[in-house]
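Every chain is numbered from 1, with letters handed out A, B, ... down the list of sequences. Only a predicted model underlies this, so the values are computations on that prediction, with no experimental measurement involved.
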2 protein chains.
Amino acid sequence: MKSSRNASTIRDVARLAGVSVATISRYLNNSAPLSADTAERVQTAMTELDFTPHPAARSLASNKTYAIGLVLNDIGGEFYTPLLRGIESITSAEGYDLLIHSTRNNQPAKTALPKAIKRRPLSENNTDGLLIFINAVDEAELMRLKKINFPVVLIHQSSPKGLDIPMVTIENQSGGQQVVDHFIEEHSCKRIVFVQGPPDNEDSKAREKGYLLSLKNHGLPYDPELVIEGGFESAQAYEAVKGLIKRGLSFDAIFTGDDDNAIGVIQALNESGKRIPDDVAVAGFDDSLFARILTPPLTTVRAPNELVGAEATRQLVNLIRGENTPLRTVLPVEMIIRRSCGCKNPS
Amino acid sequence: MKSSRNASTIRDVARLAGVSVATISRYLNNSAPLSADTAERVQTAMTELDFTPHPAARSLASNKTYAIGLVLNDIGGEFYTPLLRGIESITSAEGYDLLIHSTRNNQPAKTALPKAIKRRPLSENNTDGLLIFINAVDEAELMRLKKINFPVVLIHQSSPKGLDIPMVTIENQSGGQQVVDHFIEEHSCKRIVFVQGPPDNEDSKAREKGYLLSLKNHGLPYDPELVIEGGFESAQAYEAVKGLIKRGLSFDAIFTGDDDNAIGVIQALNESGKRIPDDVAVAGFDDSLFARILTPPLTTVRAPNELVGAEATRQLVNLIRGENTPLRTVLPVEMIIRRSCGCKNPS
DNA sequence: CCGGTTACTGTAACCGGTTACATTAAGAGG
DNA sequence: CCTCTTAATGTAACCGGTTACAGTAACCGG
């Protein structure tokens, strides 16, 4: 049944050390100077009793939770694991607990409370700060959090206008631009297709902007017909490329919004008898695990996901401590040259 | 700075509803019958004040945390995302918070407490129960948890002798057996290689057992030279297969302990001029995301990772509620036939 | 009409920490 | 030697819930 917690309390320690509970607390939190002698007696007593402060009591009294919350819309995707890893390493190193909640299941989210009591699973009630992943909470909630001045860092999502919430993302635009630059400068491509992600996806939009910029910089015309929708899903990208070919459009390169798209793109090209990279150069974005084992190995852009998680968490910890952080952090990406773009001797 | 929590408390609600705090608490927890009239006044007052019970206070008074902890040695691998997803969906549906901690970083794990106070990041102090992933905590800690009768469910790991801790895993042995059965019965293989995972990995051992069993059932001899070490890593598997070929051993099929191994295996075979599946049939285990895009597409065994997470969590919730659960749950796997085994028209 | 339930509600102690305030002792300055 | 700080520590209120215990009113069977 209920594991009756009968661990020792701060009062036990105080008694054994022959001091008051306040002294113990001060020792725990370094909140006031203690004489060397007292400190030692306290430490001895704590070790003796194997004392661990009760988090709930600490939290109740100090109005801090020593926890950080991560909110995302869905747990899935390859970027997810390294991201979480980065987050966990910092929370853990900084002595915070990490709480995770997915907002995907719109299920009424039965709470521990029987009645219909509104309860936000992760909020100022049970965390000291929130990491919010793209599209995980709506703008109204962001406003509410901002209004009560609760520490929040957004990941891969810009702050809504006027809210000025710090955010961390990657160099999507520059990454996209590099890829297209490479197509044009190294492989003399002229008609380059861009495969978009989901319509509302900020990452995809920024990559597209890089695509457009590169075209412009090189004096190449922008043909809207060459921009198709892949939704970051291989099946959709497959269909989109098929359609492109059916409509008889000519092109000599495809920059897919992400690596998943690339799978569908490659399949569609293969089935249509187009050789990669000889007839069509291909490049993706993300450097997913499978990028190197595709045939041909995929040229792509590596996103530093673990770093994103770590950096966002670091910033959140700063906010919690009352320090300042930059409003916008954009982490660098790295282009990974393999064979799908036509390069001969990739590293 | 510190977001001063000035939300309303149970006493505010009591005052507004004209009842005592005990009544509010009873309403919250359904712990005693209330008159319809009172219940309504309480509900109205709570809505009016936008009342949310303070988790820490609740936790301190009731000696429950309403949180479940997940402990793993490292955050990584493909199985991880679906597993976590399964876990999160149940914790969330049951009204629990989900806490995550990785034991990888042996760093001294600086705590919120300045002094050297032993603090287990996830324990009976801040959770109501623990999900422990393979090799995440040592046996001593498991014993300690068992001794205080703390709810624990192990994932992909058997309970140490005598402790009788419930565990959830998948049909590794039967999965392995099915693969080898298939090699022998459908493709008339006679000399089948098994590529092991890490030496202490329980999953790998069970798969190997299935391999041995199938050989035996079909009257095929067991040749220890055909069992090599891949460590669940493609590079190591690559080397191991190379070594096999160099030593001049003959074989007509390879069952790789997992899909990662399969990548290295395929590469080694390709480089040695062996055709897949004509010269050597190949099959993996896991049905990783990339299995279908390997060349040829990989025959493998699908592990129901999300289900494992969900089922383990369900059992943990049962334990927390004081109910019983089976000591050993083994979830079924499904063999996925693709081309690498030699089948012509896989579904 | 009476003792015994049963339904409902209130009072106040308690969970285990933190911290404002008070107190004492020791050192500093004149 | 006296007053003023400063260091070190104790006392007790407080954080916001839960729940043991007690009390009241209505109900029930005989």
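Taking atom CG of residue A:D12 and atom P of nucleotide C:dC15, one finds them 11 Å apart after rounding to whole Å. When the P atom of D:dA20 is taken as reference, atom CG of B:N29 falls 12 Å away, rounded to whole Å. Atom P of nucleotide D:dT9 and atom CZ of A:R15 are separated by 19 Å, given to the nearest angstrom. Atom NE2 of A:H54 is separated from atom P of D:dG16 by 17 Å (rounded to the nearest Å). The separation between A:I10 atom CD1 and D:dG10 atom P is 12 Å, rounded to whole Å. Residue B:Y27 contributes atom OH, which lies 22 Å from atom P of D:dG16 at whole-angstrom precision. Going from atom CZ of B:R41 over to atom P of C:dC8 covers 14 Å, rounded to whole Å. The CE atom of A:M46 sits 17 Å away from the P atom of C:dG16 (whole-angstrom rounding).
Using a 4.0 Å heavy-atom criterion, one finds that A:L60 contacts the bases of the nucleic acid, with or without backbone contacts as well. Looking at heavy-atom distances under 4.0 Å, B:I24 makes no contact with the nucleic acid at all. Across all strands shown, B:S25 has heavy atoms under 4.0 Å from base atoms, whether or not it also approaches the sugar-phosphate. Among the heavy atoms of the strands, none lies under 4.0 Å from B:S59. Backbone-only engagement by B:V19 is indicated by non-hydrogen atom pairs under 4.0 Å involving sugar-phosphate atoms exclusively.
Considering only side-chain atoms of B:A22, the nucleotide from C:dC8, D:dG10, C:dG10 that sits closest is C:dG10. If you check D:dG17, C:dG16, C:dG10 against the side chain of B:S20, the one that comes closest is C:dG10. Relative to the side chain of A:R11, the nucleotides C:dT18, C:dG17, D:dT18 differ in distance, and C:dG17 lies closest.
Taking CG from B:D97 and CG from A:L122, the interatomic distance works out to 6.5 Å, rounded to the nearest 0.5 Å. The distance from atom CG of B:L84 to atom OG of B:S89, rounded to the nearest 0.5 Å, is 10.0 Å.
OP1 or OP2 of D:dT18 lies within a sub-4.0 Å distance of a side-chain N or O belonging to B:R58. When the side-chain nitrogen and oxygen atoms of B:S35 are compared with OP1 and OP2 of C:dA7, none of them lie within a distance under 4.0 Å. The shortest distance between the side-chain N/O atoms of B:T9 and the OP1/OP2 oxygens of D:dG16 is not below 4.0 Å. Distances shorter than 4.0 Å separate some side-chain N or O of A:T23 from OP1 or OP2 on D:dG10. A sub-4.0 Å separation between OP1 or OP2 of D:dT18 and a side-chain N or O of B:N63 is absent.
Using a 30° and 60° split on the angle between ring planes, B:F133 and B:H156 fall in the tilted class, from 30° to 60°.
Between B:R328 and B:S158 the shortest side-chain heavy-atom distance falls below 4.5 Å. Between B:Y80 and B:L72 the shortest side-chain heavy-atom distance falls below 4.5 Å. Contact annotation: the side chain of B:N29 approaches that of B:R58 to within less than 4.5 Å [non-hydrogen atoms, C-beta and beyond]. Put simply, the side chain of B:V317 reaches to within 4.5 Å of the side chain of B:I68, judged on heavy atoms.
At its two ends the helix from C:dC1-D:dG30 to C:dG30-D:dC1 runs along axes set 30° apart, each axis drawn from five pairs and the angle rounded to 10°.
Between B:A56 and B:R26, the residue whose closest nucleotide on DNA chain D is further toward the 5' end is B:A56.
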